[in-house]
Amino acid sequence: MQEGQKVGSGSQLDGVNSDQFRYLNKNRLKTAEQFRNVFNAGKRSIDSQFIILATENLLGYSRLGMAIPKKKINRAVDRNSIKRLIRECFRNSTIVEKGYDIVVLPQNKIDVKQKERLKNSLISHWKKIHK
RNA sequence: UGAGUCAGCCAGACAAUCGCCCUGAAUUAUAAGGGAGGAAAGUCCGGGCUCUAUAGGGUAAGACGCCAGGUAACGCCUGGGCGGCGUGAGUCGACGGAAAGUGCCACAGAAAAUAUACCGCCUGUAAGGGUAAGGGUGAAAUGGUGUGGUAAGAGCGCACCGCAUAUCUGGUAACAGAUAUGGCAUGGUAAACCCCGUCUGGAGCAAGGCCAAAUAGGGAAACAUUGGUGUGACCCGCACUGUUUCCGGGUAGGCUGCUAGAGGUGUAUGGCGACGUACACUCGAGAUGAAUGAUUGUCCAAGACAGAACCCGGCUUACCGGCUGACUCCUUAA
RNA sequence: CGGGGCGUAGCGCAGCCUGGUAGCGCACCUGCCUGGGGGGCAGGUGGUCGGAGGUUCAAAUCCUCUCGUCCCGA
């Protein structure tokens with residue numbers, strides 16, 4: 001049961017948040033201006049799976065935005081499932097309580113079925129940003 | 001048992017933990033309830049709803065096209081007719097009009113539609129005449145088969161079939177059947193233009209409405225009442241009253257529409273059926289950077305196609321499998 | 001979500017409306033002109049016309065469905 005071990009090792013991150021932090025309205029990036037700020041002044045973290053942009057904000061909590069174009073991911077089912085995966089990873093990590101605005105972009109050819117791989121890459125991205 | 005046809009249904013289930021959207025008794029922090037599909041898809045049709053006199057009348061343009069019915073409506077569905085396919089259950093069909101008109105029919109062929117005559121056949125010394133049976137061309141050649149007839153032939157005559165016209169019978173009708181007459185007149189193509197009949201105003205929830213905020217009737221020049229503008233096909237009509245250009249100034253956030261509907265389920269009843277009527281019960285998504293997820297465990301037939309965005313009725317396309325019912329054919333056994 | 005357009009040779013485009021022969025330019029190959037390169041001339045190769053079905057004697061063309069791709073509209 002290798003999968004169980006991986007989750008167990010990630011539970012140090014999970015254990016902190018569970019009751020206090022949720023994916024609420026305030027944790028989302030909404031308007032076009034907020035997106036523009038991240039695109040203009042953001043740090044980048046690039047990978048074969050995702051491109052991630054981030055800036056610090058002074059709010060004390062992080063906010064997440066996603067831009068998943070139809071050109072890159074054709075079917076609506078896959079787009080939804082990627083959004084869910086990203087949101088789940090964001091919620092389960094400690095980065096929620098730090099103050100960042102984050103935008104996630106997918107790379108061109110992503111296999112939606114390889115969930116473990118996508119997750120691991122997201123977790124490493126969060127670590128990079130918070131250095 | 002095998003092969004097959006049609007109709008309908010399901011679209012992994014259960015438990016635990018964490019989490020998302022909506023409603024929300026109670027009152028500021030939590031119970032409880034609900035939460036994608038048969039195609040939500042393609043946007044191919046038809047409506048509801050909203051706005052707009054370019055909505056009225058006419059023309060144009062487009063769609064449809066056997067008959068009857070169903071429906072809010074349809075290009076959909078049901079039943080029937082006709083034709084094709086299949087041993088059969090069944091299934092498929094853009095299935096009006098070519099004796100209103102125009103166009104087209106390459107190549108080959110004598111000739112591709114007011115007909116005509118290459119090789120032939122008959123007659124004749126020949127010129128010419130008669131003829132369309134046979135050959136040949138082609139996707140298609142001016143009723144087909146047989147027989148009489150003839151110089152050779154020919155609906156020229158006759159029989160059967162086809163066709164046309166008329167009458168009668170059955171059927172609401174499409175159509176079918178019968179009888180009589182005619183004596184072959186009418187090549188194909190309408191998914192070529194077209195004719196006939198029926199229908200269609202346009203735009204679409206990013207429609208539209210409300211609140212707040214902002215802007216704001218400024219200046220200059222030119223032209224003009226034979227008008228000008230509103231034109232998204234055009235004309236008549238209708239509406240409005242100065243119009244155009246330049247300079248200066250300048251904003252876009254929230255709420256709503258938003259789900260109780262041609263809704264669903266059951267019973268009774270009318271109808272061959274699609275479907276209608278009556279009664280009872282019921283509320284089963286409503287996001288707005290956009291909710292349905294993740295992990296673990298158990299079971300099995302090992303989970304396909306695929307994600308609502310105003311809502312319905314269809315059509316088309318994608319799809320791993322499984323189940324039920326009715327029916328047909330073949331083999332074996334009884 | 002709504003409204004449009006385009007798929008034809010390796011590349012860029014005609015042909016489609018009005019159905020019978022698939023063509024143009026660049027590229028590629030061969031030969032010639034030149035001592036060689038470049039350039040020019042002549043000839044040639046190469047396309048089930050995005051896919052499936054239908055109408056027709058015959059479909060790139062007409063009709064229906066479908067798959068890609070591109071452009072508009074807060």
Opposite nucleotide pairing with [N], Watson-Crick or G-U, both atom distances under 3.5 Å:
| N | value |
| --- | --- |
| B:rU167 | B:rA178 |
| C:rU30 | C:rA42 |
| B:rA25 | none |
| C:rG35 | none |
| C:rA52 | C:rU64 |
| B:rC238 | B:rG230 |
| B:rA268 | B:rU277 |
| B:rA41 | B:rU316 |

[atom1] gap between [N] and [M], integer Å:
| N | M | atom1 | result |
| --- | --- | --- | --- |
| B:rU282 | B:rA11 | C1' | 26 Å |
| B:rA63 | B:rG70 | P | 29 Å |
| B:rC67 | B:rA176 | P | 15 Å |
| B:rC258 | B:rC311 | C1' | 10 Å |
| C:rU61 | C:rG25 | P | 26 Å |
| B:rU328 | B:rG81 | C1' | 25 Å |
| C:rU64 | B:rC44 | P | 11 Å |
| B:rC272 | B:rC22 | C1' | 48 Å |

Legend entry - Transitive ILVMFWY side-chain link A:Val103 to A:Ile46, under 4.5 Å: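 A:Val103 clusters together with A:Ile46.
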Please report the interatomic distance [atom1]([X]) to [atom2]([Y]), rounded to the nearest 0.5 Å.
| X | Y | atom1 | atom2 | answer |
| --- | --- | --- | --- | --- |
| A:Ile51 | A:Arg44 | CD1 | CZ | 7.5 Å |
| A:Asp47 | A:Leu122 | CG | CG | 8.5 Å |
| A:Met66 | A:Arg87 | CE | CZ | 4.0 Å |

Take atom [atom1] of [X] and atom [atom2] of [N], then tell me their distance rounded to the nearest Å.
| X | N | atom1 | atom2 | answer |
| --- | --- | --- | --- | --- |
| A:Ile82 | B:rA291 | CD1 | P | 14 Å |
| A:Leu53 | B:rG289 | CG | C1' | 15 Å |
| A:Ile86 | B:rG293 | CD1 | C1' | 14 Å |
| A:Met66 | B:rG289 | CE | P | 12 Å |
| A:Asn120 | B:rA294 | CG | P | 16 Å |
| A:Arg91 | B:rG293 | CZ | C1' | 9 Å |
| A:Arg79 | B:rG289 | CZ | P | 16 Å |
| A:Ile68 | B:rG307 | CD1 | C1' | 14 Å |

[options]: which one has an atom nearest the side-chain heavy atoms of [X]?
| X | options | value |
| --- | --- | --- |
| A:Ala67 | B:rG293, B:rG289, B:rG307 | B:rG289 |
| A:Lys83 | B:rC18, B:rA291, B:rG289 | B:rA291 |
| A:Arg84 | B:rG19, B:rG289, B:rU292 | B:rU292 |
| A:Asn80 | B:rG19, B:rG307, B:rU295 | B:rG307 |

Syn/anti state of [N] by chi, 90° boundary around 0:
| N | result |
| --- | --- |
| B:rA290 | anti |
| B:rA16 | anti |
| B:rA152 | anti |
| B:rG34 | anti |
| B:rG19 | anti |

Inset, instruction - Return no unless some side-chain N or O of A:Arg87 is found under 4.0 Å from OP1 or OP2 of B:rA290. - result: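 So the side chain of A:Arg87 is within the cut-off, an N or O lying under 4.0 Å from OP1 or OP2 of B:rA290.
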Could you tell me whether the side chain of [Y] reaches within less than 4.5 Å of the side chain of [X], counting heavy atoms only?
| X | Y | result |
| --- | --- | --- |
| A:Lys83 | A:Ile86 | no |
| A:Tyr100 | A:Ile129 | yes |
| A:Ser45 | A:Phe50 | no |

Legend entry - 5′-ward residue of the pair A:Leu85/A:Ser81 relative to RNA chain B: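 Of the two residues, A:Leu85 wins.
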Legend entry - Sequence-distant partners of A:Ser121, side-chain hydrogen bond (donor to acceptor under 3.5 Å, both in side chains), two or more places apart: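 side-chain hydrogen bond (donor to acceptor under 3.5 Å, both in side chains) check on A:Ser121 returns nothing, list empty.
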